[in-house]
Structure formats: C-alpha cells, structure tokens
There are 2 protein chains.
Amino acid sequence: MNASVKDVAARAGVSVGTVSNVLNRPDKVSPATAQRVHAAIAELGFVRNDAARQLRAGRSRAIGMVLLDVANPFFSELARGAEERAVESGHALILGNSDEKADREARYLDLFEEQRMHGVLVSPAGDVDARLELLRERGIPSVLVDRGSDAFSSVSVDDVAGGELAVRHLVSLGRKRIAYVCGPLTIRQVADRLEGARRVVAQHPDVTIEVVSQAALTVPAGAAAGTALAARAAADRPDAVFAANDLLALGVLQSLVMLGDVSVPGDVALIGYDDIAFARSAVVPLTSIRQPSRAIGATAVEILLEEAAEPTLEKRAVVFQPELVVRASTAATPWR
Amino acid sequence: MNASVKDVAARAGVSVGTVSNVLNRPDKVSPATAQRVHAAIAELGFVRNDAARQLRAGRSRAIGMVLLDVANPFFSELARGAEERAVESGHALILGNSDEKADREARYLDLFEEQRMHGVLVSPAGDVDARLELLRERGIPSVLVDRGSDAFSSVSVDDVAGGELAVRHLVSLGRKRIAYVCGPLTIRQVADRLEGARRVVAQHPDVTIEVVSQAALTVPAGAAAGTALAARAAADRPDAVFAANDLLALGVLQSLVMLGDVSVPGDVALIGYDDIAFARSAVVPLTSIRQPSRAIGATAVEILLEEAAEPTLEKRAVVFQPELVVRASTAATPWR
DNA sequence: TCTCTGCGTTGAAACGTTTCATGCGCGTGA
DNA sequence: TCACGCGCATGAAACGTTTCAACGCAGAGA
C-alpha cells in the first residue's frame with residue numbers, strides 16, 4: 001500500500017543503499033543521482049517508515065514525559081518548554097498524564113520502555129527510583145522534573161525555600177494562625193513546601209501552622225477545604241492560608257469569598273504556589289510563588305539529551321529558585 | 001543489551017514462534033509451556049520491542065492528536081477525554097501542539113505519517129483537508145475535532161448556535177453596542193461564533209456589533225483588546241463584550257477592571273466561551289458558553305477507532321450543543 | 001602500462017517481531 | 001491395524017530501514 005525504499009530504488013534505477021544515503025548522508029552521493037532519487041520519492045509519495053528505522057537504530061527518537069497533571073498550567077507550561085527544546089534537536093515529545101497515580105505512571109513507563117524511548121522525563125507520583133534504574137540498565141536515561149533525587153539527574157525548584165518565602169511573607173504581614181492547604185504529603189513538593197513553612201514558623205513562637213490535607217491538588221479539592229474553613233467559628237479560623245498550589249488556592253478563594261462570608265485578605269490572607277496565568281485574574285488576584293516552568297522543562301530536556309549521548313556522564317541536579325509575587329490576596333489593605 | 005524473543009525462546013527451550021504465541025494468543029499454547037516461557041521472560045526481564053512489532057504489523061497502535069493550544073483548558077480537557085477513551089482500548093495518545101500555526105500542524109502530521117499512526121485527530125489551524133486526504137490514501141483515518149467538514153468525520157460543537165446564545169443573552173439584558181473580541185477570523189470557530197452573533201444582531205435593528213480581532217486566543221491578547229477599549233471615551237465604548245474564548249475574556253476583564261476604570265458588568269457586560277474551570281473564579285466570575293470538552297474528545301476517539309477498523313464506513317458528523325452559563329459578569333446588577 | 005587513491009555505488013546482513021504452512025505425536029473411530 | 005484429526009510446537013519468511021565491507025571506475029603518479 002505504501003511505497004518503500006525498495007520501490008524508490010527501482011524507480012530511480014539505483015540500489016536501496018543509495019536511496020538510504022540520499023536520505024541520511026546526502027554528501028556521500030553525487031548530485032545527479034540524488035536528483036533522480038528525489039524525483040522518484042516525489043512521484044511515489046514515499047514516506048519513511050519510522051518503525052523500521054527505529055528497529056534498526058535500536059532506539060526511538062522520541063522523548064517520553066510523564067506529568068502529574070497536564071491540565072495544571074504549571075505543567076503544561078513545563079511541557080511546552082520541554083517540547084520546544086526537544087523539537088529543536090529533532091526529537092518528538094510524547095506526553096502522558098499520571099494524574100498523581102502510581103499505577104498510571106507505571107503504565108506510561110512500561111509503554112516508554114516498549115517503545116525504546118530516547119529518554120524519559122518524570123515528575124514522579126509514586127516511588128519511581130527502582131523503575132527508572134531498570135530503564136537505565138536497558139539504556140534509557142531519565143531526568144526527574146520538579147523533584148530532586150540521589151540517584152538521577154534532576155531539574156527542580158527549591159520547594160523548601162518556596163515554603164519559607166510564602167510563610168515569611170504571611171508572618172511579615174502579622175498573621176499568626178496559618179493553615180497549609182495541600183494535597184497528599186506523599187508528594188515530595190507538597191512535603192517540602194510544608195517543611196519550609198515549618199522552618200519559618202519555628203522561628204516565631206507566636207505563630208502556629210495547621211495542615212489541611214486533601215486528596216488532590218485541584219480547584220474542587222481547594223473548594224472543599226475552603227468550605228470547611230469557612231464553616232468554622234471566626235475565632236477558630238486561621239488568619240492566613242498557604243495553599244500548596246494555585247489551583248487549591250483558587251478553590252479556597254472561591255469558597256471563602258463567594259460562598260462563605262470571609263473576606264480575603266481582610267479576614268484571611270491567601271497565598272498560592274506556581275503563579276499560573278490565572279492567578280492574576282482571580283476574584284482577588286492571588287499572591288503566589290513563581291516557578292520558571294518553561295525553563296525547567298527546557299533544561300530537563302537539555303540534560304536528558306546530553307546523558308543519552310554520553311551515558312557515563314555524572315548525574316546533575318539543577319535547582320531553580322522560586323520567587324514571591326505579591327498581589328491583592330495578601331495585600332496589607334483589602335484590594336479595592 | 002536487551003533480551004529478545006529469541007533469548008527467551010532459548011532460555012525456555014522452545015521456539016520463537018511459541019514465545020510469540022504465549023504473548024499474543026495464550027490459548028494456543030499448553031499451560032506447561034506457557035509457564036516455562038513466563039518464567040524465562042521474568043528471569044531475563046524481557047520487554048517487547050514495539051518498533052519491531054509495529055514494523056511487522058504495518059501500523060502503530062498509537063493515535064496522534066494535534067491541538068491548537070494544549071495550555072488552553074478547553075483543549076486539555078478535550079485531550080483528557082480522548083486519552084481515557086484511547087487507553088481503554090489499548091491505544092496510546094500522542095499529543096502535539098500546533099499553536100494555531102499551519103506549519104507546526106503540518107510537521108506533526110508528517111511525524112504521524114512516518115509513524116504510521118493508527119489514526120489522527122486534528123483541531124485544524126490551517127487548511128488540512130488535502131493533507132488528510134493523503135493520509136487517508138495511505139491508510140491512516142482521521143477525525144476532525146471542534147470543526148465540521150465535508151470530507152471527513154468530525155466531532156464539533158455548534159459554534160453558530162453558541163454565538164447566538166451569547167449575543168441573545170446580552171441583548172436580553174438590554175445591551176445595544178456589542179464588541180466581539182476574537183482571534184484570527186480564519187479560525188473556523190471564531191468565524192462561526194461571529195456568524196451566530198450577527199444573526200441575532202440582524203434581528204434587532206437597534207443593536208450593533210463591532211469586531212475586535214487579535215492575533216491569538218490568549219489572555220495577553222485579550223488584555224490588549226481590553227486596554228484599547230478602556231482607553232476610549234465612555235460614550236464611544238461598547239456596553240457589552242462577547243469574547244471568542246474564556247482566555248480572551250479573562251484578559252479583557254483584567255484590563256477593564258484592574259487597569260482601566262470600567263466596571264463589569266456595570267459599564268460593560270462580558271461573556272466568554274468554553275466555560276473553563278477558571279472562568280468561575282475570575283475577578284468577576286465569568287458568564288460563558290459551556291462545551292462538553294471531555295465528551296468531544298472521547299467521541300472523536302470512538303469514531304476514529306471505528307473508522308480504523310472499518311475504513312469503508314461512511315463519514316459521520318457529531319455536533320454537540322453548547323449551553324449558556326450565567327455568572328456575575330453579565331448579571332443584571334453588579335456583583336457584590 | 002601498471003598501480004594506487006578515492007569517490008560513488010552496490011547488495012546483503014541485521015534489527016525483533018508476528019504469521020503461517022508444516023510437522024510431529026497421540027488418541028479415536030473404523 | 002490403519003487412517004484420520006487434533007492439539008501443540010516449529011522455524012523460516014516477511015516487514016522496511018540502515019550500515020558496511022566490497023567493488024568498479026576514473027584519474028594521478030610512477
């Protein structure tokens with residue numbers, strides 16, 4: 001049904017080896033022959049079969065990426081950065097969604113292994129180290145994204161520092177009773193941000209922190225947490241909320257301001273994490289911790305490609321620093 | 001470096017054919033042999049090479065999808081729906097971003113053709129019909145997403161009806177001077193929504209519509225449009241804005257309310273399109289037109305798989321109906 | 001004239017899987 | 001007892017590419 005390199009060779013009156021040379025090392029073939037081959041290709045509408053090429057090469061040219069949640073703007077930005085860098089050097093980026101589930105993550109890694117991917121980028125949900133070690137043994141390098149590791153190269157943001165930044169900001173505004181609204185503490189980023197938060201709290205005897213853990217890092221999960229907070233007696237309510245990401249924060253904001261009768265930042269100051277594009281257009285524009293998401297993605301691909309080319313390379317750990325972006329949700333005086 | 005089916009066969013003391021049978025038609029092999037083969041697979045850590053399998057099979061089990069903008073929640077939801085349906089039947093979904101650029105779109109289609117994809121889903125940026133016709137000739141079916149077509153199956157939403165819904169709502173609130181803030185009119189959805197809007201305007205002699213076209217369908221593009229509107233003298237300003245999607249609407253909202261001194265919905269009523277999750281947590285919660293994004297993705301995969309199995313099938317066109325979701329940005333009285 | 005170089009081209013091997021015609025051994029019915 | 005059918009297992013062929021050792025040939029140098 002499809003023209004193969006053999007058909008092209010026959011049509012152009014050359015051998016298959018020559019056709020392949022025209023495609024892959026044009027300098028090795030005379031202009032006249034190349035010309036004839038190109039003509040044959042065009043006439044037959046020949047399209048290279050990547051499966052065969054890959055089989056021969058032993059590995060794919062594609063890079064696999066498993067993310068916690070593609071619908072989260074932080075991750076889609078990250079993916080964007082990675083894709084751009086990958087395409088730049090002739091690689092494709094295959095995206096998978098783990099939904100923070102270890103089994104979905106594992107399925108994608110299996111798939112990537114079957115495809116003999118050029119390399120794999122993971123923002124891990126479960127404990128992937130053993131699995132990645134297996135991949136490495138089979139010649140597939142990996143880079144962890146948005147999390148550090150002792151065993152693999154990684155590109156991450158200093159989440160402990162981010163937690164410190166956030167809580168230090170809240171404390172500097174005079175807030176004393178902080179709630180940390182977060183997802184499962186098994187997610188490293190969630191735990192690290194809490195760790196940073198606690199460090200700051202430890203330095204201020206009169207400040208307390210309470211952990212409100214939800215099942216997911218999504219807007220509805222945040223809304224649930226916010227509803228619970230709004231239902232409390234005012235005296236019992238925290239005067240500040242640090243949310244583990246902006247989606248949670250937006251959910252909290254929604255239920256505090258729109259359903260409950262709690263004002264932000266009057267009654268409760270609110271700070272998110274990631275500084276997604278929507279943070280600034282929220283009901284009350286959201287103070288947040290910004291991460292250089294695109295740069296993270298691009299850097300991860302960069303490192304991955306280097307390791308794929310030179311497997312003996314030592315592992316590296318790039319750590320970006322987060323940045324505080326102050327908006328109305330923590331402003332000293334209520335916005336408007 | 002990697003164990004092959006041959007190694008497994010040797011280890012288990014059977015032929016390669018038998019190993020393949022164990023993997024693909026377990027019923028054809030005696031339990032005892034199957035047992036031995038499974039043991040060998042485990043011992044050697046054998047992982048099937050998908051490239052070889054694909055080469056033999058003639059086509060990949062993956063489905064390719066090209067979207068206008070993966071970072072747009074409408075599309076990531078859509079992709080999510082598609083992915084779930086695809087995985088359900090043992091297919092992988094490969095995602096590509098066209099960024100509304102015809103050349104990027106073309107690159108992905110080339111890639112998908114080289115990979116002999118099982119099928120292709122496209123939300124088209126450029127004019128893809130000819131290209132898809134080529135793919136079809138080569139045995140790769142395609143389904144258009146979020147756009148109708150005469151030549152291919154499609155799953156879309158009635159954008160003309162959506163435009164009507166939006167503007168009828170604005171008119172019912174007594175608004176007379178409507179601005180349509182949109183992206184390039186070459187994008188079908190953008191044009192269709194305008195068409196719908198114009199139909200309603202045509203029925204009301206005292207209502208006018210003005211088109212404010214931007215280069216992209218993004219938040220910053222919307223902000224630019226909003227800034228321009230805010231800069232006008234109040235008498236010269238529209239009393240309602242219909243934005244071609246929620247991202248634009250959020251941008252408009254941002255610049256009207258936060259930079260300019262225009263109140264929403266007091267001075268200007270604002271309606272978006274897509275009803276993304278963030279619409280409800282905007283500065284002023286956004287009235288919008290909801291589309292069943294996940295169902296669209298799932299349905300598209302469904303149809304694609306049927307066509308892949310039965311290429312002679314007649315083309316189908318599924319059209320979902322949009323739905324109006326009223327929030328504060330068009331409420332009769334200002335919110336709060 | 002003969003040998004040596006180097007350029008262009010050739011054709012076969014190899015990548016790892018699935019498929020399919022073939023073969024073998026055993027029990028069953030005639 | 002023989003033929004037959006049935007259940008399993010076999011191994012070669014095929015998929016389409018890239019690579020590589022080998023080859024032919026023309027021109028240069030001896």
*From the list dT10(C), dC15(D), dG11(D), which nucleotide is the closest neighbour of the side chain of Val16(B)?*
dG11(D)
*Minimum-distance nucleotide to Ser15(A) side chain [options: dG11(C), dT17(C), dG16(D)]*: dG11(C)
*Measure the OG1-CG distance between Thr299(A) and Leu304(A) for me, rounded to the nearest 0.5 Å.*
12.0 Å
*Report the distance from atom OG of Ser4(A) to atom CZ of Phe46(A), rounding to the nearest 0.5 Å.*
7.0 Å
*Taking only the side-chain heavy atoms of Arg53(A) (C-beta and beyond), determine which of dA9(D), dT19(C), dT18(D) contains the nearest atom.*
dT18(D)
*Pick base, sugar-phosphate or nothing for Arg59(B), based on heavy-atom distances below 4.0 Å to the nucleic acid.*
nothing
*With sugar-phosphate meaning primed atoms plus P, OP1 and OP2, does Ser30(A) contact a base, only sugar-phosphate, or nothing at under 4.0 Å between heavy atoms?*
sugar-phosphate
*Whole angstrom value for the distance that separates P of dA12(D) from NZ of Lys6(B)*: 11 Å
*To 10°, what angle do the rotation axes through the five end pairs on each side of the helix from dT1(C)-dA30(D) to dA30(C)-dT1(D) form?*
60°
*Would Arg85(A) and Glu88(A) pass as an ion pair if we require N to O under 4.0 Å?*
yes
*asked:* Over all strands shown, is Val29(A) touching base, sugar-phosphate only, or nothing at heavy-atom distances under 4.0 angstrom?
replied: sugar-phosphate
*Select base, sugar-phosphate, or nothing to describe what Ser4(A) touches, counting heavy atoms under 4.0 Å on all strands.*
sugar-phosphate
*asked:* Distance check needed: dT18(C) C1' versus Glu114(A) CD, whole Å only.
replied: 15 Å
*Work out which heavy atom in Val66(A) is nearest to a heavy atom in Ser98(A); give both atom names and the distance.*
CG1-CB, 3.8 Å
*Kindly indicate whether the side chain of Arg56(B) and the base of dT17(C) share any N or O donor-acceptor pair separated by less than 3.5 Å?*
no
*Measure from NZ on Lys28(A) to P on dC23(D) and round the result to the nearest Å.*
20 Å
*Pairwise distance NE2(His91(A)) to CD(Glu83(A)) - rounded to 0.5 angstrom*: 13.5 Å
*asked:* Measure CD/Gln54(B) against P/dG16(D) and give the value in whole Å, please.
replied: 13 Å
*What nucleic acid atoms does Asn24(A) come within less than 4.0 Å of, heavy atoms only: base, sugar-phosphate, or nothing?*
sugar-phosphate
*Expressed in angstrom and rounded to an integer, what is the separation of Leu44(B) atom CG from dG16(C) atom P?*
14 Å
*Would you mind reading off the distance between Arg61(B) atom CZ and dT18(C) atom C1', rounded to a whole angstrom?*
13 Å
*Please tell me which of Val14(B) and Leu55(B) maps to the more 5' nucleotide of DNA chain D, matching each residue to the nucleotide holding its nearest heavy atom.*
Val14(B)
*State which of dT17(D), dT18(C), dT9(C) makes the closest approach to the side chain of Thr33(A).*
dT9(C)
_Taking any heavy-atom pair under 4.0 Å as a contact, classify Asn2(B): base, sugar-phosphate, or nothing._
nothing
*May I have the distance from Phe46(B) (atom CZ) to dG16(C) (atom C1'), rounded to whole angstrom?*
8 Å
_Arg48(A) side chain, from C-beta outward: closest of dG16(C), dT19(D), dT18(D)_ = dT18(D)
*Report which part of the nucleic acid Gly58(A) touches: base, sugar-phosphate, or nothing (heavy-atom distance under 4.0 Å, all strands).*
nothing
*Check the surroundings of atom CD in Glu310(A): do more than 12 heavy atoms from other residues, nucleotides or ligands lie under 6.0 Å from it?*
yes
_Spacing of OG belonging to Ser89(A) relative to NE2 belonging to His118(A), to within rounding of 0.5 Å_ = 8.0 Å
*For the pair made of CG in Asp50(B) and P in dT17(C), what is the distance, rounded to whole Å?*
10 Å
*Roughly how far, to the nearest 0.5 Å, is the OG atom of Ser123(A) from the CZ atom of Phe74(A)?*
8.5 Å
